[in-house]
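One structure is given below, encoded as structure tokens.
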Amino acid sequence: MEEGAGDAEEIRLALVMNGGVGLAVWTGGVVHELDLLRRASRGDPEEGVKKSDLPVFRFWRRLTAEGAEPRRVRVDIISGTSAAGLNGMMLATAIGRDAGLPGLKEMWQKSAALDRLLAEPSERSLFNGEYFEERLRDAVEKVPHGDARPGGSDAVTLFLTATALDGRSRSFTDSFGNRFDVRDHRRLYRFERYGEEDAVVYTPEDGVWKIRKSRPRNDFAVAGTDLLVRAARATAGFPAVFPPVSELPLLERRELPKRVYDDPAGCVMDGGILDNEPFGPVLEAITRRPLDRKVKRVVVYVVPSGGRLPEEKAKDRACEEISAGTAGFGALGFPQEANFRIGAEELAARLRTSGRPTGEELFARLHEARTGEEPYVLPDFLALARGVFQEYRFNRARGVILEARDLLAAADSVTSLVFPPQVETAEIHEFLARRPGFRWIPPDDPECFTDWDRVWRWGLLPAERVLQTLSGHLQELAGAGDGPPAVRARLIEGAKALNGEVRKVLAVKDAVVGRLQRSFPRSGGFSDRQAAQLLDEVFAKLGVAEAVAEFVRNGNDHYTRTVADVEGRWSGAWDVVTDCLVIEVLTRAFVPPSGVTETLTPRFDLLRLGPDTMSRLFHDDRFGDLGERKLYGVRFQHFGAFVEPGWRTSDFVWGRLDAAHHLLPLLVSSAEEARAAETELHRLILNAELGSDGLEWMREHLTVLKRSGADLDLLPTLPRTYETLRTRDAVSGAVFRVVDKAAGSRLRPRIVRTWLRRETGYVLDEFWRASQGDDPRSAPRAALDALRHVLTRVVVRLAMLAVVLLVLGFVLGALFG
């Protein structure tokens with residue numbers, strides 16, 4: 001890294017990538033551009049950059065180095081689904097190995113060639129999965145082996161989804177005790193790289209539970225290539241096109257189903273069937289990321305489809321006018337539509353709660369009042385908190401018991417679909433009056449607001465919220481105004497130290513949850529009293545109250561010293577933790593039980609990166625509404641990019657151009673500057689990929705795509721080259737293999753196989769010839785006519801054979817009868 005880059009503002013990107021089959025070529029271009037940006041912003045040497053990409057690399061370096069402070073763009077979380085997961089895996093592997101990406105364009109040109117995928121015989125699918133896996137392995141092995149330092153500077157987490165063919169059933173009971181089963185086919189795999197400073201664990205050491213640094217981990221090292229390739233092939237295994245694979249080698253990386261279920265390995269395929277946008281794991285991973293500098297967090301949703309939806313085909317028709325094809329093919333997209341809608345709704349809900357929480361806002365006002373900056377006197381919040389303290393204790397006891405019940409239920413073999421019963425009021429009061437009290441709830445003592453530093457009796461989530469509030473306030477002070485760099489650096493240093501204490505609390509929380517679920521009663525039943533007692537025993541066994549008290553003390557010291565250093569007039573005379581506990585009571589005393597145990601959503605901005613915009617180099621009315629139709633990958637049921645190398649080149653280039661368009665606003669403040677930067681950068685990208693005539697080459701392709709309203713209109717534009725003829729023969733052979741496999745032994749005789757292959761080739765030749773003519777739409781009819789001619793010849797020949805046999809029978813009868 002260049003000198004001074006350690007003080008740079010960091011833009012951390014969490015990628016959620018979807019899109020399958022041929023659309024992976026476009027996402028490959030997006031990933032290529034992201035890789036150039038991240039490497040340029042951190043000051044990587046130019047030696048590892050392809051010569052044609054050097055002008056683009058230098059552009060990104062210049063842009064990220066401009067201004068009063070340099071900015072670094074870092075990709076630290078990647079979630080990939082379906083064929084887009086292949087690109088996500090490649091980027092994560094490059095980051096995990098401290099290297100740059102290999103030539104993704106070259107990889108897709110070879111591995112996505114239809115003639116190659118169909119050329120090798122496959123008994124279990126249309127495409128040859130073994131050939132595809134070999135090409136994928138070749139690409140991973142080309143990533144430089146820079147993994148000697150497993151705990152290097154850039155930590156990265158990769159999530160890949162898949163779908164199991166043999167989903168395990170989960171048992172549920174309704175409110176009336178009726179039992180039923182629901183299958184779960186979802187799969188989620190996690191790969192990580194982190195160093196000693198990036199992760200901590202809470203484990204026993206000589207009988208005493210302690211926080212210790214986790215051992216460095218690098219799942220992207222050369223030794224992990226086989227698992228990476230297996231997971232990538234699983235998530236990209238489009239049904240029937242690629243064969244399913246066993247997930248047995250991936251069990252150690254499987255996150256879903258939960259490990260507590262201990263489900264056996266199954267056969268898995270395309271992750272996009274059930275979970276195309278796994279946002280949840282990404283947001284959870286954000287909360288556990290260490291803070292080491294001023295950070296802007298952005299969740300980038302990479303989706304190769306337009307942002308605006310076209311009118312549906314059935315919109316203007318009466319029900320009796322809708323054909324079976326329209327209904328059938330339309331319904332095929334409903335599962336993914338529901339999946340995308342659920343993901344978008346989850347993001348919307350998270351964004352609503354990712355802003356400045358009420359507690360943090362109230363703490364900021366308290367701070368301003370304490371330092372004399374508030375123009376009015378705030379109420380006596382401590383007195384108010386003490387007034388509602390008993391209600392808070394009651395509400396917290398109820399919420400924690402319900403959460404413990406849910407955690408224990410996750411370890412049960414049967415889940416109850418019953419409205420969660422309220423814990424009996426009398427039982428809660430019994431818990432609150434217990435002597436000695438439970439270790440997970442504050443005692444009935446008003447002094448516990450100030451007497452917290454020896455033994456922490458407030459539980460884990462309040463400790464997490466206290467430390468996050470203090471850390472968030474320091475980050476807010478660092479981001480406000482144009483203070484001296486030294487002051488901002490000191491504030492970030494304090495926030496970093498507080499973030500370290502937050503991650504310690506999260507490590508304790510993980511240990512508590514794990515121990516609680518492993519302690520699930522073998523009898524299968526448990527009461528609220530048992531849940532409360534079991535939780536208390538786990539707290540005692542793990543020494544939670546004493547350990548967390550130390551973390552909160554450290555957090556208090558970090559905060560007060562930091563503020564004292566930057567605001568010299570303040571000596572830290574008041575207890576900021578007491579302020580946070582007062583806020584905890586005031587904001588949680590009357591919330592629903594789920595609000596008591598609710599974790600804070602990390603702050604993030606959402607960036608949707610799609611192909612729905614047009615480059616300013618083609619700012620023309622003719623192309624203004626093309627949107628995603630500028631991609632060949634959306635044609636022919638998303639298999640268009642497999643047909644012709646030039647089509648794949650076009651999609652890859654558009655991936656780079658679209659990525660540049662969406663990423664520039666992260667680095668350029670004004671719209672006018674962004675337009676000028678985009679024009680310059682897009683010219684550099686076109687020149688890097690297509691040479692000096694790249695602008696005209698792309699304009700010709702856009703013109704063809706604009707004129708081609710239907711997919712079949714594109715067929716006449718295909719060049720009559722050796723590659724296209726070989727693709728035609730490969731399709732013919734694949735169709736024959738599918739028919740042969742379906743018919744079984746009836747097609748085994750060589751004469752029958754030879755005849756069928758010849759007739760199949762004839763039908764496809766007629767289709768191809770018609771598609772190259774003046775009316776490509778006539779190609780399906782030409783294929784049907786050819787098939788009709790084949791069947792007619794079969795009938796005529798059978799009839800002639802019957803006549804011959806009849807005449808032969810008469811002759812033989814006359815001779816020997």
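Residues F159 and T81 fail the side-chain proximity criterion, which asks for heavy atoms closer than 4.5 Å. Under the 4.5 Å side-chain criterion, counting only non-hydrogen atoms from C-beta, D219 is not in contact with L227. L86 places a side-chain heavy atom less than 4.5 Å from the side chain of W108. At least one side-chain heavy atom of M89 sits less than 4.5 Å from a side-chain heavy atom of V140. Side-chain contact between L13 and L607 is absent, with no heavy-atom pair separated by less than 4.5 Å. Within the 4.5 Å cutoff, side-chain heavy atoms of L188 are placed close to those of P281. Side-chain contact between V31 and M90: absent, with no pair of heavy atoms (C-beta onward) separated by less than 4.5 Å. Using a 4.5 Å heavy-atom cutoff, the side chains of I685 and E33 are in contact.
Atom CG in D620 sits 12.0 Å away from atom OG in S615 (nearest 0.5 Å). Here the straight-line distance linking atom CG of L34 with atom CG of L91 works out to 7.0 Å at 0.5 Å rounding. Separation of atoms CE (M614) and CG (L626) is listed at 5.0 Å; rounding is to 0.5 Å. Put simply, CG on L23 and CG on N18 are 9.0 Å apart, with the number rounded to the nearest 0.5 Å. To the nearest 0.5 angstrom, F191 atom CZ is 12.0 Å from N218 atom CG. Atoms CZ and CG, from R190 and L158 in turn, are 10.0 Å apart once rounded to the nearest 0.5 Å.
Across all non-hydrogen atoms, the minimal contact from A94 to V143 is CA-CG1, 3.9 Å. Scanning all heavy atoms of the two residues, the minimum distance from D53 to V49 falls at CB-CG1, 3.9 Å. Nearest heavy atoms, K630 versus S650: O-OG, 4.5 Å. For the residue pair A232 and L136, the shortest heavy atom distance occurs at CB-CD2, 3.7 Å. Among all heavy-atom pairs drawn from V268 and A234, the shortest one is CG2-CB, 3.6 Å. Taking every heavy atom of both residues into account, M17 and G88 meet most closely at SD-CA, 4.0 Å.
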Check your understanding: Which is it for E680 and R62 under the salt bridge (charged side-chain N to carboxylate O under 4.0 Å, His left out) test, yes or no, and what are the steps along the way?
Key -> CA-CA 13 Å; E680 178 184 355; R62 183 179 74 249; 3.1 Å; yes
Review point. Would W26 and D658 satisfy side chain to side chain donor-acceptor pair (under 3.5 Å), going step by step from the backbone distance to the final call?
Key: CA-CA 9 Å; W26 178 85; D658 289 330; 2.9 Å; yes
Exercise for review: Give the intermediate values and the outcome of side chain to side chain contact (heavy atoms under 4.5 Å, CB included) for residues L667 and R71.
Suggested key: CA-CA 8 Å; L667 304 168; R71 290 155 296 176; 4.0 Å; yes
**Study point:** Check against salt bridge (charged side-chain N to carboxylate O under 4.0 Å, His left out), R135 and D138
**Key:** CA-CA 5 Å; R135 300 290 75 74; D138 291 343; 2.9 Å; yes
Exercise for review: Start with the C-alpha distance between V303 and E628, add both sets of side-chain angles, then the distance that settles side chain to side chain contact (heavy atoms under 4.5 Å, CB included), and finish with yes or no.
Suggested key: CA-CA 10 Å; V303 51; E628 64 178 12; over 6 Å; no
Practice item. Run the numbers on L666 and D605 for side chain to side chain contact (heavy atoms under 4.5 Å, CB included), then give the verdict. Key: CA-CA 11 Å; L666 296 177; D605 294 326; over 6 Å; no
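Evaluation of the ring pair (Phe, Tyr, Trp, His ring centres under 6.0 Å) rule for F618 yields W654 as partners, not counting sequence neighbours. Not counting sequence neighbours, the partners of E696 by the salt bridge (charged side-chain N to carboxylate O under 4.0 Å, His left out) test are R699. Shown here are the side chain to side chain donor-acceptor pair (under 3.5 Å) partners of T157, two or more places apart in sequence or in another chain: E192, R289. Under the salt bridge (charged side-chain N to carboxylate O under 4.0 Å, His left out) criterion, R635 pairs with D711, sequence neighbours left out. Shown here are the ring pair (Phe, Tyr, Trp, His ring centres under 6.0 Å) partners of W60, two or more places apart in sequence or in another chain: there are none. Take R230 and apply the salt bridge (charged side-chain N to carboxylate O under 4.0 Å, His left out) test, not counting sequence neighbours, and it matches no residue. Applying the side chain to side chain donor-acceptor pair (under 3.5 Å) rule to T613 yields no partners; only residues at least two apart in sequence or on another chain are considered. Qualifying ring pair (Phe, Tyr, Trp, His ring centres under 6.0 Å) partners for Y189, counting only residues two or more places apart in sequence or in other chains: none. Under the rule for a side chain to side chain donor-acceptor pair (under 3.5 Å), the partners of D226 that lie at least two apart in sequence or sit in another chain are R137. Partners of E46 under the side chain to side chain donor-acceptor pair (under 3.5 Å) rule, at least two apart in sequence or in another chain, are R58. Among residues two or more places apart in sequence or in another chain, the salt bridge (charged side-chain N to carboxylate O under 4.0 Å, His left out) test is passed with R683 by none.
Put simply, the side chain of S41 gets close to the backbone of V73: a donor and an acceptor are under 3.5 Å apart. The closest donor-acceptor contact from the side chain of R193 to the backbone of I95 lies under 3.5 Å. Using a distance-only test at 3.5 Å, with no hydrogens or angles considered, a donor-acceptor pair links the side chain of T679 to the main chain of R675. Panel note: side chain N87, backbone A24; a donor-acceptor pair is recorded below 3.5 Å. Counting only distance, with no hydrogens or angles, the side chain of R629 and the backbone of V634 share no donor-acceptor pair below 3.5 Å. Between the side chain of R656 and the main chain of H32, no donor-acceptor pair closer than 3.5 Å is present. No side-chain donor-acceptor contact under 3.5 Å links T235 to the backbone of A231. When atom types are taken as modelled, the side chain of D651 and the backbone of V25 share no donor-acceptor pair closer than 3.5 angstrom. In this structure, the side chain of E10 does not engage the main chain of R12 through any donor-acceptor pair within 3.5 Å. Checked by atom type and distance alone, the side chain of T93 never pairs as donor or acceptor with a backbone atom of F220 at under 3.5 Å.
Residue-environment remark: NZ (K296) stays at or below the threshold of 12 foreign heavy atoms within 6.0 Å.
Among residue pairs with one or both ends in residues 662-699, those qualifying as ring-ring contact (aromatic ring centres under 6.0 Å, His included) are W697-H701; sequence neighbours excluded.
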